[in-house]
Structure formats: C-alpha cells, structure tokens
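Scroll down for the structure; my scribbles are underneath it.
Treat the numbers as computed from the prediction; the structure is a model and nothing was measured. Below, chains carry the letters A, B, ... as their sequence lines are ordered, and counting in each starts from 1.
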Number of protein chains: 2
Amino acid sequence: MVTQESNVFQAIADPTRRAILDRLRGGGQAVNEIAGRFDVSRPAISKHLRVLHEARLVTEERDGRNRIYRLNPEPLRELDRWLDDYRRFWTLNLLNLKKHVESKGKKP
Amino acid sequence: MVTQESNVFQAIADPTRRAILDRLRGGGQAVNEIAGRFDVSRPAISKHLRVLHEARLVTEERDGRNRIYRLNPEPLRELDRWLDDYRRFWTLNLLNLKKHVESKGKKP
DNA sequence: CTCTTGCGTAACCATTGAGTTACCTATTGT
DNA sequence: ACAATAGGTAACTCAATGGTTACGCAAGAG
C-alpha cells in the first residue's frame with residue numbers, strides 16, 4: 001500500500017531539508033552533528049528531521065543518548081516514478097508540444 | 001546560469017499544482033478549461049498557474065481573450081539531476097549505508 | 001548520587017500560502 | 001456601441017510552516 005507518503009514532495013520542498021539529506025549521503029549523523037553545520041537552532045533541525053522521518057526519508061536509531069539519523073532514499077523512488085511521466089516530454093524534446101501549438105492555433 | 005529556479009521544488013510541492021501539470025500533459029489548455037476540473041475557484045487556479053509560470057513549468061500564450069497554458073517540462077530536469085545523487089543509493093541498495101554504520105559504530 | 005550532555009517537545013511568534021469574493025480590463029459577438 | 005466572456009489582481013481570512021526560547025528527561029561521566 002502507499003498510504004499517504006506523497007508528502008515526500010512536501011519534505012523536499014524546503015532547502016534546509018534538502019541540505020540535510022545532502023549531508024546524510026555521507027553517512028548517518030547525530031542531531032548535534034547535523035545542526036552544527038547550519039545557522040539555525042537545534043530544535044529547528046529537530047523539527048526538520050521529524051518531517052523527513054515522517055516522509056520516511058530518514059531513519060532514526062538511538063545510540064545511547066545520541067540519535068543517529070540516516071538517509072533512506074527509498075521514498076525518492078516515488079518522485080522518480082512521478083518524473084517518468086514527464087521524462088518522455090523532454091526526451092521527445094518539445095517537438096510534440098510545438099505541434100500542439102500549431103494544431104490549436106489554426107487561423108481561419 | 002541557474003538564477004533561482006530552484007523553486008521548482010516549491011512549485012511541485014502542492015498537489016493541486018501537480019494535478020495541473022498532469023492535465024497539461026494532454027496538451028495546452030485555457031484557464032477555464034483547467035479550472036473546470038478542480039473544485040477550487042478560478043482565481044485560485046490562476047495563482048497556481050502563476051507559481052508554475054514563475055518556475056517556468058508552464059508557458060503562457062495569449063490567444064484572443066484566452067490564455068493557453070502549456071507544459072514546459074524542462075525545469076524538471078533540475079529535479080532529475082538532483083535525484084541523480086540519490087539514485088546511486090537505491091541502486092547500490094543500501095549496503096554501503098550499512099557499511100557506514102559499522103565503520104562509525106566501532107565499539108571499543 | 002549529582003552534573004553534564006543530547007535531544008525531543010511545548011509555547012509562542014512571524015511569515016507564507018492557499019483559498020475566497022469583489023472588481024477591472026481586454027477581447028469577441030451582436 | 002454594448003453585452004458577454006476570459007482571466008488577472010486586490011484585499012482579506014485562516015491554516016500551515018519555519019524559526020525561536022524555555023523546559024524536561026534520559027543516558028553517560030565524575
């Protein structure tokens with residue numbers, strides 16, 4: 001089932017969250033490690049991590065008093081599938097689009 | 001140059017806007033045609049179209065008193081490029097991630 | 001046991017965003 | 001010229017979002 005994980009789109013809409021995912025490509029990190037790189041407060045990062053976690057884009061694992069967040073790229077496949085419907089358009093390099101213009105703009 | 005077209009992420013974050021893009025895959029349409037399919041008002045659609053237009057995801061062409069909006073998938077390539085950095089992660093099916101865990105969680 | 005550290009959460013504030021209704025302009029048809 | 005139609009824009013409301021500070025709690029460290 002798919003539930004409502006379509007909030008992936010929402011999750012990646014924020015540049016800070018994209019930057020977090022970016023950093024996490026280098027491996028899992030604790031919250032303070034992540035927050036240290038941004039000029040926003042730790043609670044703000046914590047909230048971003050929650051959004052990412054709800055979108056299943058990160059996993060959370062407790063390690064003593066640390067919490068390690070790791071990238072989970074799987075939900076991005078949904079994005080990839082969504083893009084598929086549009087990919088054909090840019091591979092067909094817009095010629096059919098132009099054709100459509102002409103077929104519609106028929107001047108009498 | 002890239003200017004600040006990164007609002008593509010923002011533009012596709014809204015489900016209504018994604019639905020509009022979806023419909024536009026079938027060819028350009030006038031605003032009323034588009035708005036007719038949604039249960040939101042025409043001004044709302046108009047604003048969505050503006051956002052999409054600013055993200056260059058649609059083109060606007062005046063045809064008499066109509067305005068034809070057409071899909072322009074080109075900015076979605078930016079998304080595709082962004083995804084590229086993550087695609088390797090789901091093709092390398094998370095094994096390197098696991099490796100990273102182990103190399104970090106070295107217990108003495 | 002006590003102090004410190006890591007982090008989530010609550011409470012709050014400012015900004016943004018999506019939606020509405022009302023109005024105005026431009027173009028077409030009679 | 002005038003009525004009707006297409007659609008953008010202004011003004012406003014309300015909810016969601018991103019940020020903050022203050023606090024609380026669990027897990028080492030001494």
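- Within the 4.5 Å cutoff, no side-chain heavy atoms of B:His48 are placed close to those of B:Phe38.
- In this structure, B:Tyr69 reaches the sugar-phosphate backbone alone: every heavy-atom distance under 4.0 Å involves primed, P, OP1 or OP2 atoms, never a base.
- The interatomic distance linking A:Arg50 (CZ) with C:dG6 (P) rounds to 22 Å, in whole Å.
- Checking A:Ala44 against A:Arg65, the closest nucleotide of DNA chain D that is more toward the 5' end is the one next to A:Ala44.
- What separates CG of B:Leu52 from P of D:dG8 is a distance of 12 Å, to the nearest Å.
- Counting to the nearest Å, the C1' atom of C:dG8 and the CD1 atom of A:Ile34 are 14 Å from each other.
- Inter-residue side-chain proximity for A:Leu57 and A:Ile12 is flagged as met; some heavy-atom pair is nearer than 4.5 Å.
- Residue A:Asn32 has a polar side-chain atom (N or O) positioned under 4.0 Å from OP1 or OP2 of C:dC7.
- Within the 4.0 Å cut-off from OP1 or OP2 of C:dT20, at least one side-chain nitrogen or oxygen of B:Ser41 is found.
- In this structure, B:Gln10 does not reach the C:dT16 phosphate: none of its side-chain N or O atoms is under 4.0 Å from OP1 or OP2.
- Between the side chain of A:Arg42 and the base of C:dG8, at least one donor-acceptor pair of N or O atoms lies under 3.5 Å.
- The residue among A:Asp63 and A:Thr16 whose nearest nucleotide of DNA chain D lies closer to the 5′ end is A:Thr16.
- Dashed line: the shortest gap from a side-chain N or O of A:Ser46 to OP1 or OP2 of C:dG8 is under 4.0 Å.
- The residue among A:Asn66 and B:Asp14 whose nearest nucleotide of DNA chain C lies closer to the 5′ end is A:Asn66.
- The nearest whole Å value for the distance from the CZ atom in A:Phe38 to the P atom in D:dG19 is 10 Å.
- Residue B:His48 places at least one side-chain N or O closer than 4.0 Å to OP1 or OP2 of C:dG19.
- In this structure, A:Ile68 atom CD1 and C:dC7 atom P are separated by 7 Å, rounded to whole Å.
- A:Leu79 has its side chain within reach of B:Trp82: a pair of non-hydrogen atoms, C-beta onward, lies under 4.5 Å apart.
- In this structure the side chain of B:Tyr69 never reaches within 4.5 angstrom of the side chain of B:Leu52, judged on heavy atoms.
- In this structure, A:Leu21 and A:Val58 have side chains that are in contact, with non-hydrogen atoms separated by less than 4.5 Å.
- One finds a side-chain N or O of A:Arg67 lying less than 4.0 angstrom from the OP1 or OP2 phosphate oxygen of C:dG8.
- Heavy atoms from other residues, nucleotides or ligands lying under 6.0 Å from CG of A:Asp84 number more than 12.
- Residue contacts shown for A:Ala30 are limited to sugar-phosphate atoms, with no base heavy atom under 4.0 Å away.
- Summarising the geometry, the separation between CG on B:Leu49 and C1' on D:dG7 is reported as 10 Å, rounded to the nearest angstrom.
- Taking every side-chain heavy atom of B:Val31 into account, D:dG8 is the closest of C:dT27, D:dG8, D:dG18.
- For the pair A:Glu54 CD and C:dT9 P, the interatomic distance rounds to 10 Å; values are reported in whole Å.
- One atom, CD of B:Gln29, and another, P of D:dG7, lie 11 Å apart when rounded to the nearest Å.
- For A:Arg17, counting side-chain heavy atoms from C-beta on, the closest listed nucleotide (C:dT9, C:dC7, D:dG18) is D:dG18.
- Residue A:Lys47 places no side-chain atom within donor-acceptor reach of the base of C:dG8, judged by atom type and a 3.5 Å distance cut-off alone.
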